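Structure first, then comments.
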Amino acid sequence: MILSRSFLARLAPLEAEGRYYVMLDEIQHHLEDGLDEGRWTQEDIFADGELAELVARLDAAIGDYECFWHTRRWLEKTAEAARSAPWHRAMAWACLCTGEARAARRWAEAGLRRFAQDGELAALAAALRAFEGDVPGALAALDEAFARTGESERLARLRAAVAANAPLEELAVCAAPAESEEKVRTLAPGFAADGAGLGRVSAALAARDWAFEAPWCFCRVPFGEGFLDMRLRMSEAAASRLDPAWLAALVEALPRLEKEGRPLAQKRRPGVRLAPAEVLVDRQGRAQLGYHAGHCSEEPLYVYVMIEHGLSAPRELYEERWPASWFDAPPAPLAPPPPPAPGYVPAQAAALQKHIFTWFGPVSRMLPGADGVSVLVIDPEPGREYYTLLTWGMGARPMELPPDLAGQQLERAELLMLLPADWKVEDEREVWRWPVRWLRLLARMPAEQCTWLGWGHTVPNGRPFASNTLLCGTMLVDPLDAPEPAAICPLPGGGSVNFYQLLPLYAPEMDLKLGEDADGLLDLMEDKGLLNEPFVRVDRPCAAGEVEPPPPAALMEQLEELDRRADDEGIAALLKEKAGTSPRLAGMLARSLNNLGRYEEAAAVLKQVEAAGASDPLWQFRMGFSLYYQGKLDEALACFEASDRMAPGDGDAETYLRWCRAALDLPVCLESFPDRTARFWAAFAEQEDALAEKAFAEGCEAVRPALEKLLGICFPTPEFRLEPAGEKLRLTLLWEHAPHRRWLAPAWKALAPAHLGRWWEFDFDHTPPAWTGYQSAPAGKKGLRRDLIAGTTCFEGPQRAFLAQDVSLSAAAAADGAVLGYFYYTPAPGEDPVARRAALEEALAREGAGSLAVLGGAVGEKRCYIDVLALDLEQALDAAARLLTPPQCSGAGFAPFRPKAKGTPLQKNK
């Protein structure tokens, strides 16, 4: 049964509170878990009429166009046997609300043929017949409905509307149940398409590439010198009813709205360059302007600002990942299940059944799996006061053993786990379900990963199995509470099946086993009496040191309920005073703070438990997440690498590793130094009169804290001097402890607004850079700059840091919105590479003025290099792409001064 009583009971309070989206998320997770564990198949899901009706009811309660689209996609896959009268009603209304009136009539009449007494189906079918011109048929259908069900105000009102040839919008409202009238009235303009109206809308938008990409309409509209993606969050029927004049005004106003919306969006994502990405238009005549805010082009993170119908300056914003809504993906497993394993032959199955009955007890029931692996349950009985769970089917497919183990009959295995008598084996909550899930996971592992499992092997989970335990890995051992013969079942015809018990472990125990061996850990656990009870104890003592005691059960229940409701605010409020020095509670608090976008607070919470938490991959991931969204990419990368190293195979860690490396390889989404400087001057201009007045009255030191805060917009740790200069104040930028700012300071001064000259002078340390030459021997290895011979530089830091694999200098520049890197190219044969490089350096300095500073260059055996500090990387790449072109230069690209960074071909950035 997919929707068990306990699961529905957990959903009931959410429905009472109107938290329908959370309920749909819960259902989706429930289905995915069951698919992954083999409790049901895709066919089972779509054969469940109760499930289909629940999903449709929740979608209808929300009442959005997208929700009806989700209902339609779901119900289309539902098996014929599950198609009840409520199913036909839901399907017909879903088709109508997504702009398919003909399909809606087809499903309404199909339902009416099967369920002739259903008045709601009769009303909807009559309304749709009338819309398609069959008024006599509609009136006849209503007369039949009157005869079957008697007089009704709704049917009478609908009959009058049909007789008056009312439009579909009015017919649909009359046919709708009373509780749905308002939602139907809102959606009614999108029930039928107006071809001419759609043409007017397209013309008003000056649209290109018009398409209906279900569930939304898509086009590209003029924006500046190019085009911007526009998504109309509606069907073509609804789009055809939009006001063309408003749409034309929206397109014309987009450049102004983007300029006015950027500061608002920047508040959400400071330190990241926001690139206008798309415009979303909804049915209420509002728009949202979206900026790509990911640290790299691969990260689908967008920040949106709200534009009201009047096209006034944007005033609200929200944030979402794209695509991220639950209706974008059908309920399906993340990957196709593995092919079913060949089963045991009858003689082998009989031998195994006898072995299990003899040594472990009679099987009470089976939890079937779709992947060829089931879980057998043996209930507690006198003398064996615990549950025994065994896999069935893992050993049917021999494992691939290393050559040195051939002939030892280790190819086949089944797994077991012992659970205390009060364990709720069939409860679907994770605190009870994880042993079954873990048995299935390990049983599938050898076939999926072409590996093998045997005695003494450990498998980490990377994080605690559930919220009520710190056990986070397992070791395979012989059955702990059975005679020695129980461990091996001889098979008729040769071979045998080995039985291994899963022994859950704490992280320190995992480390001890990896550092020593399985026998040493088992001896230690036996000495401490931890094997006296052979079944799982989620709160047992740790054999290899102290572990944090579990939080109070009442607190964990509160947290579990808040997490189920996706209430991160509630979790943060609950744990703010209770987390303390508990690594576990601190981690849960940090997770919620990260979800709320309070990244600095999350990092501070994690720092408090760093000594105990740094060995936990989950702590590393959460810290990396926090640092990543603070723009501290190098530090974040180290955390994600540590997390992946401790718990390999975690999809989230691998995704952020990829994004982090991509952002460091080519950080084009970094907010550039000129953009940061422009923000600084705008903020400074608002306060400069008050600052000057205070400085003249109280002295320069009185305004230093305020200036330091303002300069922090450009420089995280500003160095400056403020002093009187006659009747003015002189603000001088220094760079003693941040030498890369020698090349940022001129751009900072050049962007100062002229009107600030009334009270202020702006200057910087003009110490000229010293140019030096250097020589090197080629490293003889593959990779960028490995063939270096000689060069000239006015900034030796990047070269030394690069060779020492030190990223601190690159990180310091990135914190200021600049990128230390180099362009590389292969010179044309026969040219003097040094002379040609010098000419290109001069040309690049001119072409990229304001966006880069040339720091030097080098010649290699096959390539030449031009070292730069890019103040605006995108403009610097464009400038280089115009200069480093064939035939004089081939294979041109850019790479940052970071070890292991990959080069990026220039032609991709034109």
Side-chain angles (χ1 to χ4, degrees), residues 33 37 375 386-389 415-442 458-477 480 501-513 521 524-525 528-564 571 574-575 578-591 609 612-613 615-622 646-647 650:
D33 288 345
E37 296 172 13
V375 175
Y386 48 75
Y387 287 100
T388 302
L389 274 58
L415 307 176
L416 66 131
M417 187 177 284
L418 308 182
L419 302 174
D422 59 354
W423 196 275
K424 300 177 182 179
V425 173
E426 298 186 39
D427 195 301
E428 295 161 348
R429 287 173 292 177
E430 189 62 14
V431 291
W432 306 110
R433 193 71 191 177
W434 66 264
V436 174
R437 183 172 55 81
W438 198 246
L439 282 167
R440 293 188 190 278
L441 174 72
L442 294 193
T458 52
V459 184
N461 188 41
R463 58 196 65 182
F465 289 121
S467 60
N468 64 337
T469 184
L470 289 178
L471 295 168
C472 60
T474 189
M475 182 169 69
L476 277 65
V477 299
L480 293 175
Q501 181 172 336
L502 299 188
L503 180 62
L505 301 177
Y506 293 109
E509 294 170 341
M510 296 279 290
D511 294 338
L512 177 64
K513 185 268 175 184
L521 175 59
L524 183 61
M525 295 181 75
K528 296 191 174 185
L530 300 179
L531 302 182
N532 293 340
E533 294 177 327
F535 48 81
V536 173
R537 278 185 50 196
V538 295
D539 58 349
R540 68 167 174 82
C542 177
E546 295 297 323
V547 293
E548 179 186 359
L555 175 61
M556 293 307 300
E557 288 178 6
Q558 282 183 280
L559 291 170
E560 187 176 348
E561 178 64 19
L562 290 169
D563 183 63
R564 193 170 64 84
I571 293 174
L574 180 63
L575 292 180
K578 296 183 179 181
T581 57
S582 163
R584 189 169 190 194
L585 294 181
M588 298 175 72
L589 173 57
R591 173 179 176 268
V609 295
S615 59
D616 178 4
L618 196 54
W619 183 95
Q620 294 286 356
F621 177 83
R622 287 167 175 163
M646 296 175 185
D650 183 275

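Bear in mind that the values here come from a model prediction, so they are computed numbers and not experimental data.
Partner of Leu502 under the side chain to side chain contact (heavy atoms under 4.5 Å, CB included) criterion, out of Thr474, Val459, Leu416: Thr474 alone. Of the candidates Asp563, Leu618, Leu575, Leu574, Met588 forms a side chain to side chain contact (heavy atoms under 4.5 Å, CB included) with just one, namely Leu575.
A salt bridge between Arg433 and Glu430 is absent, with no side-chain N of the basic residue lying under 4.0 Å from a carboxylate O of the acidic one. Using a 4.0 Å cut-off between a side-chain N of Lys or Arg and a carboxylate O of Asp or Glu, Arg437 and Glu428 do not qualify as a salt bridge. Using a cut-off of 4.0 Å between Lys/Arg side-chain N and Asp/Glu carboxylate O, Glu509 and Lys513 are scored as not salt-bridged. Arg463 has a carboxylate O that lies under 4.0 Å from a charged side-chain N of Asp650, or vice versa, which qualifies the two as a salt bridge.
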Show the numbers, then the answer: is there a side chain to side chain contact (heavy atoms under 4.5 Å, CB included) between Tyr387 and Val536? CA-CA 10 Å; Tyr387 287 100; Val536 173; over 6 Å; no
Going through the distances and angles, do Thr388 and Met417 end up as a side chain to side chain contact (heavy atoms under 4.5 Å, CB included)? CA-CA 6 Å; Thr388 302; Met417 187 177 284; over 6 Å; no
Run the side chain to side chain contact (heavy atoms under 4.5 Å, CB included) check on Val538 and Val431 step by step: do they pass? CA-CA 10 Å; Val538 295; Val431 291; over 6 Å; no
The test is side chain to side chain contact (heavy atoms under 4.5 Å, CB included); show your working for Met510 and Leu521 and say whether it passes. CA-CA 9 Å; Met510 296 279 290; Leu521 175 59; over 6 Å; no
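Leu418 is not listed as a side-chain neighbour of Glu533, based on a closest heavy-atom distance of 4.5 Å or more. Taking the side chain as every heavy atom from C-beta outward, Met646 and Pro460 never approach each other to under 4.5 Å. Looking at heavy atoms from C-beta onward, Pro583 lies out of side-chain contact with Asp616 at the 4.5 angstrom threshold. Annotation: side chain of Leu559 is in contact with side chain of Leu585 (closest heavy-atom distance under 4.5 Å). Using a 4.5 Å heavy-atom threshold, the side chains of Met525 and Arg540 count as touching. Looking only at side-chain heavy atoms (C-beta outward), Arg537 and Pro420 stay at 4.5 Å or farther from each other. Two residues are said to be in side-chain contact when any heavy atoms from C-beta on lie closer than 4.5 Å; Pro464 and Tyr506 fail this criterion. Leu439 has its side chain within reach of Leu389: a pair of non-hydrogen atoms, C-beta onward, lies under 4.5 Å apart.
Taking CE from Met475 and CG from Leu505, the interatomic distance works out to 5.5 Å, rounded to the nearest 0.5 Å. Separation of atoms CH2 (Trp434) and CZ (Phe465) is listed at 5.0 Å; rounding is to 0.5 Å. Considering CE of Met556 and CG of Asn468, their distance stands at 7.0 Å, rounded to 0.5 Å. In this structure, CG on Leu471 lies 10.5 Å from CG on Asn461, to the nearest 0.5 angstrom. Residue Glu557 holds its CD atom at 12.0 Å from CG of Leu562, rounded to the nearest 0.5 Å. Note that CG of Leu419 is 14.0 Å distant from NZ of Lys424, once rounded to the nearest 0.5 Å.
Of all heavy-atom pairs between Leu524 and Ala543, the closest is CD2-O, 3.2 Å. In terms of heavy-atom proximity, Pro534 sits nearest to Leu480 at CB-CB, 4.0 Å. The nearest pair of heavy atoms linking Ala579 to Leu589 is CB-CD2, 4.0 Å.
Relative orientation of the Trp423 and Trp432 rings is perpendicular, given thresholds of 30° and 60° on the angle between their planes.
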